[in-house]
Amino acid sequence: MVADGADSGLREGLGVAASEKSYRQHALICNVATAEPHAGCAFERFTDEGPLALLPLLPAAGAQHRSALVWTLPPERAAQLLECPQDAFLSALQQRFGYRLGRLQQVGTRHAYPLTLRHCDEQVRAGIAVMGNAAHALHPVAGQGFNLALRDIWALCDVLAAGVARGQSPGDLAVLQQYRARQQADQRRTIEFSDRLPALFMHNDPMLALARDLALSGLDWVAPLKRAFVAQAAGLQALEAAHD
Ligand SMILES: Cc1cc2nc3c(=O)[nH]c(=O)nc-3n(C[C@H](O)[C@H](O)[C@H](O)COP(=O)(O)OP(=O)(O)OC[C@H]3O[C@@H](n4cnc5c(N)ncnc54)[C@H](O)[C@@H]3O)c2cc1C
């Protein structure tokens, strides 16, 4: 199995091609200590610079309430926030995030990296399966990459077990192609979902913004629509499809 991450050297060594699309945005990531507990909740804010998320972390020495920040920004703004003093950083973040977790108190080491969508069409060869970020590295905004990787692994295990039960070798290309066929639609849907979500919030057209805001309000009013959106975001549709 080839699963050495988005910059997979093994994939490259095998000559497996990956298509790339730059989002021309950077993700600034760091841990943040907050005055109020997160109660196990993740928070996401969609801003005109890009989405930002605070994801719950376990307590650590000196920081009882901690979250991991993923802040999507234009590259020059990310560079500025990477270098600025802690107070200026916390104040900028507080302004964008608000006070849902109380006052933001401390920030850990900040890192930033360019955001790119990578995906390979060829994911199996005889004896080889390219998996996880090596096969598809997504925009982190929708928090889909790891979930998709787990669904891929589940499907692969299922297909391998069925193949072995039929007396086939687990590395048999025909068996591995069944895995690829089974996961293709889930991968396509998940990639499209996480690719379109950031674009939805980052344009200056007031009519598009109005349509988006109405659609999001509609999610609150129409329970089945909201359930469908949450099911897609949580990967539940794909799991249900696998059980059908
Ligand atoms: C900021 C951020 C937030 C995210 N939030 C979410 C989320 O909320 N939900 C979600 O589902 N997904 C999320 N993701 C996506 C998730 O992190 C990835 O989808 C997941 O880490 C992919 O796992 P992976 O094992 O394929 O790759 P990686 O996590 O990159 O792991 C690859 C591993 O391979 C190792 N390695 C490299 N070369 C070799 C080698 N030659 N031999 C052996 N090992 C090697 C590396 O050391 C590394 O440990 C997020 C991603 C980011 C960047």
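Remember, predicted model here, so these are calculated numbers, not experimental data. Just so you know, ligand 1 is whichever comes first in the structure, and atom 1 is the first atom listed for that ligand.
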Minimum side-chain heavy-atom gap F97-V32 below 4.5 Å: no

Ligand-side contact atoms (ligand 1) for residue partner G5, heavy atom cut-off under 4.0 Å: 27 (O), 30 (O), 32 (C)

Structural part of A3 in contact with ligand 1, heavy atom criterion under 4.0 angstrom: backbone

Non-hydrogen protein atom less than 4.0 angstrom from atom 1 (C) of ligand 1: yes

Atoms in ligand 1 flagged as close to Y113, the criterion being non-hydrogen separation under 4.0 Å: 1 (C), 52 (C), 53 (C)

Protein contact for atom 30 (O) of ligand 1 (heavy atom, distance under 4.0 Å): yes

Protein heavy atom at shortest distance from atom 14 (N) of ligand 1: F146 N, 4.5 Å

Protein non-hydrogen atom found under 4.0 Å from atom 27 (O) of ligand 1: yes

Atom 8 (O) of ligand 1: any protein heavy atom closer than 4.0 Å: yes

Contacting atoms of ligand 1, where contact means under 4.0 angstrom from a heavy atom of D4: 32 (C), 34 (O), 36 (N), 37 (C), 38 (N), 39 (C), 45 (C)

Ion pair D152/R180, N-O distance below 4.0 Å: no

Protein heavy atom under 4.0 Å of atom 43 (C) of ligand 1: no

Atom indices of ligand 1, in the order listed, that fall short of 4.0 Å to a heavy atom of G132: 26 (O)

Within-4.5 Å side-chain heavy-atom neighbours: F43 and S67: no

Heavy atom of protein inside 4.0 Å of atom 49 (O) of ligand 1, strictly below: no

W71, portion touching ligand 1 at heavy-atom distance under 4.0 Å: neither

From L10, V70, N133 - option closest to atom 24 (P) of ligand 1 by heavy atom: N133

Min heavy-atom dist A27 to ligand 1 below 4.0 Å: no

Non-hydrogen side-chain atoms of H139 and L117 separated by less than 4.5 Å: no

Atom 11 (O) of ligand 1 touched by protein (heavy atom, under 4.0 Å): yes

Verdict with supporting geometry, Q123 and Q183, side chain to side chain donor-acceptor pair (under 3.5 Å): CA-CA 11 Å; Q123 291 180 16; Q183 275 309 94; over 6 Å; no

Top protein contact for atom 4 (C) of ligand 1, by heavy-atom distance: P140 CB, 4.3 Å

Residue I29 vicinity, atoms of ligand 1 by number, heavy atom under 4.0 Å: 1 (C)

G143 N/O to ligand 1 N/O under 3.5 Å: yes

Trace of the salt bridge (charged side-chain N to carboxylate O under 4.0 Å, His left out) decision for R118 with D7: CA-CA 9 Å; R118 284 204 195 97; D7 293 320; 3.1 Å; yes

